[in-house]
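This report refers to the structure that appears directly beneath it.
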Amino acid sequence: MLTLQEFLNRVKVKEASKVKIAKIEIKGIGEVEFQRPKESELLRYNNEMMRCYKGTLKDKDNISTENMDMEGMALNASELIYNSCSFFREKELRDMYKEYEFIEIPLIILGTTEVLRIANSLNAIFKGLEVKKDTEEEIKNS
């Protein structure tokens with residue numbers, strides 16, 4: 001049985017191994033800092049991206065954009081970026097885009113291609129697919 005101190009030490013080691021900050025180059029803007037999203041945000045992002053694809057994933061070499069909800073993918077990517085970058089949550093920027101939902105701000109500023117690229121990078125850097133797989137495995141085994 002672990003002592004409280006052993007438990008705390010293991011938690012510290014586990015947390016220290018996680019990437020906390022990522023710097024990503026945004027076209028036309030420059031290098032921007034992103035904070036690690038919550039695991040629930042990574043799970044939501046990956047689940048929503050899967051829902052946006054209406055085809056079959058068995059034939060990975062034949063994935064067609066015709067089967068993708070590009071609008072849904074872009075909005076989902078925009079939400080991950082909004083939640084991961086404090087610049088997009090600044091009141092001054094939100095006031096500039098009052099007519100939009102907050103999570104739409106990155107999409108409005110950066111465009112579809114760029115939000116998809118950045119969100120994909122964030123998901124890779126913060127190991128979102130691993131979080132999803134580990135969570136699914138944990139649920140199966142419980």
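Hydrogens, waters and symmetry mates play no part in the numbers below; they use all other heavy atoms, side chains included. The first residue of the sequence shown is numbered 1, and numbering continues consecutively from there.
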(request) Indicate yes or no for a side-chain donor-acceptor contact from Asn123 to the backbone of Ala119 under 3.5 Å, with no hydrogens or angles considered. (result) no
State, yes or no, whether a side-chain contact exists between Lys127 and Val19 at a heavy-atom distance under 4.5 Å. no
For residues 70-80, the side-chain hydrogen bond (donor to acceptor under 3.5 Å, both in side chains) pairs (sequence neighbours left out) are none
Problem - Basic-acidic side-chain contact under 4.0 Å: Lys133, Glu130 - result: no
Discussion item. Walk me through whether Glu15 and Lys12 qualify under salt bridge (charged side-chain N to carboxylate O under 4.0 Å, His left out).
Written reply: CA-CA 5 Å; Glu15 285 301 311; Lys12 287 177 187 175; over 6 Å; no
Nearest heavy-atom contact between Tyr82 and Phe88 is CE1-O, 3.2 Å
CZ (Arg36) and CD1 (Ile21) are apart, to the nearest 0.5 Å, by 10.5 Å
The reported gap from CD1 in Ile108 to CE in Met96 (rounded to nearest 0.5 angstrom) is 12.5 Å
Tightest non-hydrogen contact, residues Phe126 and Phe34, listed as CZ-O, 4.0 Å
Any Val32 side-chain heavy atom under 4.5 Å of Cys85 side chain: yes
dist Arg94:CZ -> Arg89:CZ (nearest 0.5 Å) comes out at 9.5 Å
The reported gap from CG in Leu4 to CD in Glu6 (rounded to nearest 0.5 angstrom) is 9.5 Å
To the nearest 0.5 Å, atom CG of Leu93 lies from atom CD1 of Ile109 at 4.5 Å
- Message: Quick check on Glu92: does its CD atom have over 12 non-hydrogen neighbours (other residues, nucleotides or ligands) under 6.0 Å away?
- Response: no
Taking everything shown except Lys91 itself, do over 12 heavy atoms lie less than 6.0 Å from its NZ?
no
**Asked** Are there more than 12 heavy atoms of other residues, nucleotides or ligands under 6.0 Å from atom NZ of Lys20?
**Response** yes
Of all heavy-atom pairs linking Ala77 and Tyr45, the shortest is CA-CE1, 3.9 Å
Contact check, side chains of Glu39 and Lys18, non-hydrogen atoms, under 4.5 Å: yes
Would the distance check show the side chain of Glu104 and the main-chain N or O of Glu101 forming a donor-acceptor pair, the cut-off being under 3.5 Å? yes
Margin query: Please check: side-chain N/O of Glu41 versus main-chain N/O of Asn83, any donor-acceptor pairing under 3.5 Å?
Written below: no
Are Arg51 and Glu48 within salt-bridge range, i.e. N to O under 4.0 Å? yes
Heavy-atom closest pair (Glu114 atom, Glu25 atom, distance to 0.1 Å) is OE2-O, 4.1 Å
In this structure, CD of Glu33 is separated from OG of Ser84 (nearest 0.5 Å) by 11.5 Å
Nearest heavy-atom approach of Pro37 to Leu42 is CG-CD2, 3.7 Å
Minimal heavy-atom distance between Val115 and Ile81, with the atoms involved, is O-CD1, 3.5 Å
Check for me, please, whether Leu80 and Leu129 land in the same ILVMFWY cluster - side-chain distances under 4.5 Å, paths through other members count. no
Within the structure provided, determine whether Leu107 and Tyr100 are in side-chain contact (heavy-atom separation under 4.5 Å). no
